[in-house]
2 protein chains.
Amino acid sequence: MTNTKVYLEIVKQLRAMISADDLKSGDKIPSERELSERLNVGRSSVREALRALELLGLIETRRGEGTFIRDFRGNQLVQLLGTFILQDEKAKLDVIETKNLIEMDFLRLVLDRADEKELLKLKSLVEADQLNDDQFFNQLVEMADNYLFSRIWLILKDYYNSLNLSKAEYNRNSLLLLIEALVEKDEEKTFSAYRQLRNLSIFTDKY
Amino acid sequence: MTNTKVYLEIVKQLRAMISADDLKSGDKIPSERELSERLNVGRSSVREALRALELLGLIETRRGEGTFIRDFRGNQLVQLLGTFILQDEKAKLDVIETKNLIEMDFLRLVLDRADEKELLKLKSLVEADQLNDDQFFNQLVEMADNYLFSRIWLILKDYYNSLNLSKAEYNRNSLLLLIEALVEKDEEKTFSAYRQLRNLSIFTDKY
DNA sequence: GAGATGGGTGTGGTCTGACCACTAAAAACA
DNA sequence: TGTTTTTAGTGGTCAGACCACACCCATCTC
């Protein structure tokens with residue numbers, strides 16, 4: 001009769017509930033016992049759903065207080081997935097390639113729509129060593145103003161970091177060159193600087 | 001005393017177990033009751049861990065049979081995240097933009113590494129009306145040989161389709177033009193044809 | 001009156017035991 | 001030997017019981 005597992009149904013209901021009540025980050029959701037009653041299911045089933053969502057980083061539970069919607073951005077699950085999964089070499093290469101491709105997409109977006117003032121501000125921060133390459137890309141991604149894509153990038157970055165590759169040392173000059181190119185809206189120079197920053201000797205001209 | 005929640009500890013243990021026994025996709029893991037005994041925890045806690053991993057797509061359970069390792073690489077988690085998130089209009093625009101960007105990345109990849117014969121074969125299929133644009137892009141994505149990126153694209157396409165946008169009619173001529181450009185390895189022509197295919201009057205020259 | 005104290009209540013965290021539904025393999029049967 | 005039935009094992013779900021903790025608020029103390 002019940003083809004769908006109860007806990008999945010609860011996940012669904014929760015989603016609907018969140019949508020209907022327009023719950024946002026930090027808001028509280030009904031207690032486990034209340035959900036159990038309201039949905040006519042056992043509390044353990046409710047818990048299975050909540051624990052799953054918790055592991056996904058979608059909710060946060062605080063003993064004695066309740067369960068709350070979470071700011072999705074930092075999902076530790078990815079880290080878990082990373083260590084859990086990425087086994088074969090091909091997968092690793094895929095991660096690297098995908099991350100690079102997406103970062104270059106961001107560069108294109110910024111080339112197209114970025115504010116010069118903002119870029120100059122970032123430049124001065126880099127020059128003052130108050131911003132490293134990682135932080136810079138975070139800013140860049142934000143500048144591109146595409147939340148979904150930025151989320152994908154964040155996840156990829158987590159994957160990437162979980163690969164434990166030998167880290168290329170931070171090359172401030174390449175980064176400054178990159179910013180310069182962005183300011184000048186010079187596409188070719190931008191990607192050249194990017195390749196240099198990421199040590200992409202493999203990526204010749206097409207990228 | 002027990003600062004870490006039991007179910008998280010179980011997830012950890014499972015990971016170690018899988019690693020130690022070198023379990024791979026399709027392999028069976030111990031039953032809930034056995035895990036419960038072996039780890040000295042309640043079965044409900046074991047279930048919370050398993051359900052979470054199941055929602056993540058890491059394991060698969062079959063009633064009456066057991067619990068099995070799953071092919072990890074496809075992360076449906078993003079799908080779930082998406083359905084949780086995609087609410088406002090801006091998010092929709094992000095989906096469209098991201099999908100387009102990624103598809104163009106695939107075009108670049110194919111431009112760089114695709115086999116001409118394969119392309120010609122696809123061309124003849126399109127000409128014979130045995131392949132529409134959607135199916136063509138599926139082939140294209142496969143050709144690019146990046147599993148992770150293709151998964152991301154598939155998910156995006158699902159998002160995209162769930163937006164219920166007015167569908168542009170299938171334009172075979174644009175598609176043929178696109179393939180032609182790919183065969184000729186003409187980047188500019190390729191993107192021009194792509195824009196035409198997707199009706200991207202907005203995307204002027206930068207993309 | 002202001003502050004400290006301490007239950008009371010509600011919440012998540014966990015365990016146990018009990019069924020049910022289903023599967024696959026063993027046992028009984030023909 | 002081939003079929004049917006039984007049985008043991010597995011996940012699915014529920015109900016109830018405690019525990020640990022956080023918060024509120026009446027009460028006590030100064």
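Side-chain atoms are counted along with the backbone in the values below, which use heavy atoms only and exclude waters and symmetry mates. Lettering of chains follows the sequences in order, A, B, ..., and the numbering in each one begins at 1.
Rounding to whole angstrom units, NZ of residue A:Lys28 and P of D:dA22 are separated by 14 Å. Following rounding to the nearest Å, A:Lys5 (NZ) and C:dC20 (C1') show an atom-to-atom distance of 16 Å. C:dT14 atom C1' lies 10 Å from atom CD1 of B:Ile10, rounded to whole Å. Across the protein-nucleic acid pair, A:Glu9 atom CD and D:dC14 atom P stand 12 Å apart, rounded to whole Å. Rounded to a whole Å, the CG atom of B:Leu35 is 16 Å from the P atom of C:dT14. Atoms CZ (B:Arg43) and P (D:dA15) sit 16 Å apart, rounded to a whole Å. At whole-Å resolution of the value, CD1 in B:Ile29 and C1' in D:dG9 are 16 Å apart. Atom OH of B:Tyr7 is separated from atom P of C:dT14 by 9 Å (rounded to the nearest Å).
Residues A:Phe106 and A:Phe137 keep their aromatic ring centres 6.0 Å or farther apart.
At the phosphate of C:dT11, neither OP1 nor OP2 sits under 4.0 Å from any side-chain N or O atom of A:Thr67. Phosphate contact (OP1/OP2 of C:dC15, side-chain N/O of B:Ser45, threshold under 4.0 Å): present.
Other residues, nucleotides and ligands contribute over 12 non-hydrogen atoms within 6.0 Å of the CD atom of A:Gln135.
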Where do N or O atoms of nucleotides 23-27 of chain C meet protein N or O atoms at under 3.5 Å, pair by pair?
residue: C:dA24; atom: OP1; partner: B:Glu65; partner atom: OE1; Å: 3.4

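Distance from the side chain of A:Thr61 is smallest to C:dG12 among D:dC14, C:dG12, D:dG11. Nearest to the side-chain atoms of B:Ser31 among the listed nucleotides C:dG13, D:dC14, D:dG11 stands D:dG11.
Here B:Lys28 does not pair with B:Glu65 in a salt bridge; the nearest charged N to carboxylate O distance is not below 4.0 Å.
Between B:Ser44 and B:Pro30, the one whose closest nucleotide on DNA chain D sits nearer the 5' end is B:Pro30. Both B:Val46 and A:Arg62 lie close to DNA chain C; mapped to their nearest nucleotides by heavy-atom distance, the more 5′-ward contact belongs to A:Arg62.
If you check distances only, the side chain of B:Arg51 never reaches the base of D:dG12 with a donor-acceptor pair under 3.5 Å. Contact annotation: side chain of A:Arg33 to base of C:dG12, donor-acceptor pair present below 3.5 Å.
Counting non-hydrogen atoms under 4.0 angstrom, B:Ser36 reaches nothing in the nucleic acid.
Residues passing the side chain to side chain contact (heavy atoms under 4.5 Å, CB included) test with A:Arg172 are A:Val126, A:Asp129, A:Tyr170, A:Leu176, sequence neighbours excluded. Taking B:Lys99 as the reference, B:Glu103 meet the side-chain hydrogen bond (donor to acceptor under 3.5 Å, both in side chains) condition, with sequence neighbours excluded.
Remark: A:Glu180 CD to A:Thr190 OG1 distance equals 10.0 Å, nearest 0.5 Å.
Test B:Glu48, B:Arg51, B:Arg47 against A:Tyr7 for side-chain contact (heavy atoms from CB on, under 4.5 Å) and you get one pass: B:Arg51.
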